[in-house]
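Scroll down for the structure; my scribbles are underneath it.
Labels below follow one simple rule: chain letters A, B, ... track the order of the sequence lines, proteins then strands, and each chain is numbered from 1.
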There are 4 protein chains.
Amino acid sequence: MTLDLETARTIVAGARAQGVEAGYKPLTVVVLDPGGHLIAAEREDGSSMKRYEVAHGKAYGALSLGMGSRAIMNRAEQQAYFVAAVTHAVGGALVPVPGGVLVKDADGTLLGAVGASGDTSDNDEAAVVAGIEAAGLTAQVD
Amino acid sequence: MTLDLETARTIVAGARAQGVEAGYKPLTVVVLDPGGHLIAAEREDGSSMKRYEVAHGKAYGALSLGMGSRAIMNRAEQQAYFVAAVTHAVGGALVPVPGGVLVKDADGTLLGAVGASGDTSDNDEAAVVAGIEAAGLTAQVD
Amino acid sequence: MTLDLETARTIVAGARAQGVEAGYKPLTVVVLDPGGHLIAAEREDGSSMKRYEVAHGKAYGALSLGMGSRAIMNRAEQQAYFVAAVTHAVGGALVPVPGGVLVKDADGTLLGAVGASGDTSDNDEAAVVAGIEAAGLTAQVD
Amino acid sequence: MTLDLETARTIVAGARAQGVEAGYKPLTVVVLDPGGHLIAAEREDGSSMKRYEVAHGKAYGALSLGMGSRAIMNRAEQQAYFVAAVTHAVGGALVPVPGGVLVKDADGTLLGAVGASGDTSDNDEAAVVAGIEAAGLTAQVD
């Protein structure tokens with residue numbers, strides 16, 4: 001099973017719907033394939049200039065280390081220099097706060113990652129999880 | 001007038017519809033705002049790994065120099081070293097072949113740019129133009 | 001089907017065996033997954049300092065554009081500025097001469113890419129093709 | 001004496017064998033020559049997307065400063081800004097946690113460095129040390 005564009009669009013729509021329903025600030029949502037390459041992205045009106053880069057960095061970091069960006073935040077709380085170093089090692093795209101979530105199928109196969117940015121990190125993550133579940137897939141936040 | 005997300009989605013859908021109708025290879029389509037920041041992007045199934053970066057570079061280059069990427073290609077044919085230098089100057093994201101098109105409203109106000117990659121450069125451009133026109137806006141290819 | 005490490009090792013061994021049999025200069029061989037990430041690499045004794053980077057760039061470029069590096073060379077012969085620009089757009093890792101080959105299974109599914117460097121580009125490519133075929137897979141050189 | 005490819009392969013195999021025996025998560029193992037250039041690398045199935053870059057950064061950092069990456073971690077605990085600065089100075093590839101180990105012969109001559117990533121930093125280092133010792137060489141972890 002792979003994460004095709006239609007599924008990625010469903011995830012983006014589901015994340016945005018959660019944002020609207022819960023009254024979040026405008027979100028930017030990015031879906032990456034397992035190799036870290038863009039499948040789909042949308043930046044809502046009013047979502048600031050570099051939200052794409054932030055959302056992308058959450059998802060890219062999650063794929064880089066094989067854990068949700070919440071787990072990377074926890075590591076950064078313990079060893080900030082480690083996370084700073086990995087950020088350099090992967091080329092700069094790693095944002096270690098919640099909102100970057102791995103996507104898996106029912107068998108646990110990695111299908112990609114989703115990142116969001118715009119509201120609090122916790123809310124960004126909640127939107128992503130809602131989007132992944134709207135597509136019938138499994139979200140791994142840490 | 002600004003290019004909002006719904007309009008950007010209409011452009012992406014219109015470009016993709018042109019690709020399907022004309023039998024193009026799978027496309028990646030990117031819409032940027034006047035500051036060169038992503039509004040929306042979609043990579044169709046089978047569109048290769050870095051097509052987002054190529055499509056983005058066409059649109060980003062068009063905004064960088066204020067002309068469609070077809071015009072930048074013409075300049076590259078005359079002065080390849082100039083285009084190479086500008087590519088460095090803008091940070092690497094400038095792809096000087098057709099498929100990066102400026103978007104304007106009826107008054108000539110710049111609203112952003114659209115880039116596509118996946119088929120021949122001419123077909124990539126035709127898809128982008130179709131998408132922009134589907135949104136009732138004006139395409140500037142050179 | 002995915003390209004696991006054991007298969008990648010078979011490809012590397014097969015490429016190196018071709019080099020020994022045909023009397024090539026020492027080779028460096030790299031196997032990447034479909035997202036452009038390393039699975040395995042070996043640099044033979046006497047293969048010069050940056051051969052890994054060259055071999056990697058052949059394979060990475062092939063994945064970036066969805067064609068063997070021989071096809072990218074042909075494009076570079078026609079539009080050198082285009083290939084130079086794409087090289088920037090993908091972050092620098094694109095070497096447009098033969099020796100970067102896509103790996104597909106019997107159904108045509110993309111499994112990754114293999115790059116080699118050390119002898120002539122044609123011989124590098126021949127080694128890669130031999131390695132891919134030694135693993136029972138299909139090589140796409142252009 | 002130099003670290004030839006066959007010895008490097010022995011080190012990688014020894015590190016991986018330690019991982020299997022001790023039940024570590026899937027590892028990525030990289031062997032570099034004294035100039036910091038790749039000799040061999042393998043990423044085990046399930047080892048996440050950027051583990052090569054992390055393992056490489058541990059080994060590259062060790063060579064950069066002439067000490068195991070455990071010693072660099074100790075320095076980072078004292079002066080994080082120093083390690084951050086060196087990371088910039090060397091171009092980004094320096095990961096200051098255990099798992100990057102210098103390889104020396106019986107006379108103390110530097111032959112290269114080995115890096116691993118995938119499990120805890122301590123276990124990554126244990127795997128590397130096991131690999132170096134499997135090749136009859138001396139490991140310097142700090």
Side-chain angles (χ1 to χ4, degrees), chain A residues 2-3 30-39 56-72 74-96 100-105 107-115 140-142, chain D residues 24-28 30 36 43-62 64-65 69-100 115 117-122 124-125:
Chain A
T2 60
L3 197 55
V30 184
V31 182
L32 303 181
D33 71 19
H37 305 289
L38 180 143
I39 304 176
H56 173 271
K58 293 181 182 182
Y60 197 85
L63 289 166
S64 295
L65 293 177
M67 59 185 75
S69 61
R70 178 175 291 278
I72 304 177
N74 292 339
R75 182 73 183 265
E77 301 275 359
Q78 302 297 320
Q79 285 184 299
Y81 56 82
F82 170 73
V83 171
V86 172
T87 300
H88 280 288
V90 305
L94 188 155
V95 176
V101 180
L102 297 177
V103 183
K104 297 191 171 178
D105 66 12
D107 298 328
T109 302
L110 180 68
L111 303 180
V114 184
Q140 178 187 331
V141 301
D142 55 13
Chain D
Y24 298 165
K25 292 178 185 170
L27 296 177
T28 299
V30 185
R43 180 163 62 105
E44 294 186 327
D45 304 338
S47 194
S48 68
M49 190 176 96
K50 286 288 190 182
R51 290 291 169 184
Y52 166 72
E53 282 75 9
V54 176
H56 173 270
K58 293 180 181 181
Y60 197 86
S64 296
L65 293 176
S69 60
R70 177 175 291 278
I72 305 177
M73 179 179 72
N74 293 339
R75 184 70 183 266
E77 300 275 1
Q78 302 297 320
Q79 288 184 297
Y81 56 84
F82 171 74
V83 171
V86 173
T87 300
H88 280 290
V90 305
L94 187 156
V95 176
V97 295
S117 181
D119 203 278
T120 66
S121 297
D122 286 347
D124 294 340
E125 183 190 77

Where A:Y81 and D:P96 come nearest, the two heavy atoms and their spacing
CE1-O, 3.5 Å

So for D:A76, is it side chain, backbone, both, or neither that comes closer than 4.5 Å to the heavy atoms of chain A?
both

Side chain / backbone / both / neither for D:H88 at chain A, heavy atoms under 4.5 Å:
side chain

Measure from the side-chain N and O atoms of A:S64 to the backbone N and O of D:M49, and report whether any donor-acceptor pair falls under 3.5 Å.
no

Quick one: are A:F82 and D:M73 in side-chain contact, heavy atoms under 4.5 Å?
no

Atom NZ of A:K104: over 12 foreign heavy atoms under 6.0 Å:
yes

Taking side chain as everything from C-beta outward and backbone as N, CA, C, O, which of these in D:S47 sits under 4.5 Å from a heavy atom of chain A? Side chain, backbone, both or neither.
neither

Which heavy atom of D:V95 sits nearest a heavy atom of A:A89, and at what distance?
CG2-CB, 4.1 Å

Heavy atoms from other residues, nucleotides or ligands near OH of D:Y60 exceed 12 (cutoff 6.0 Å)
no

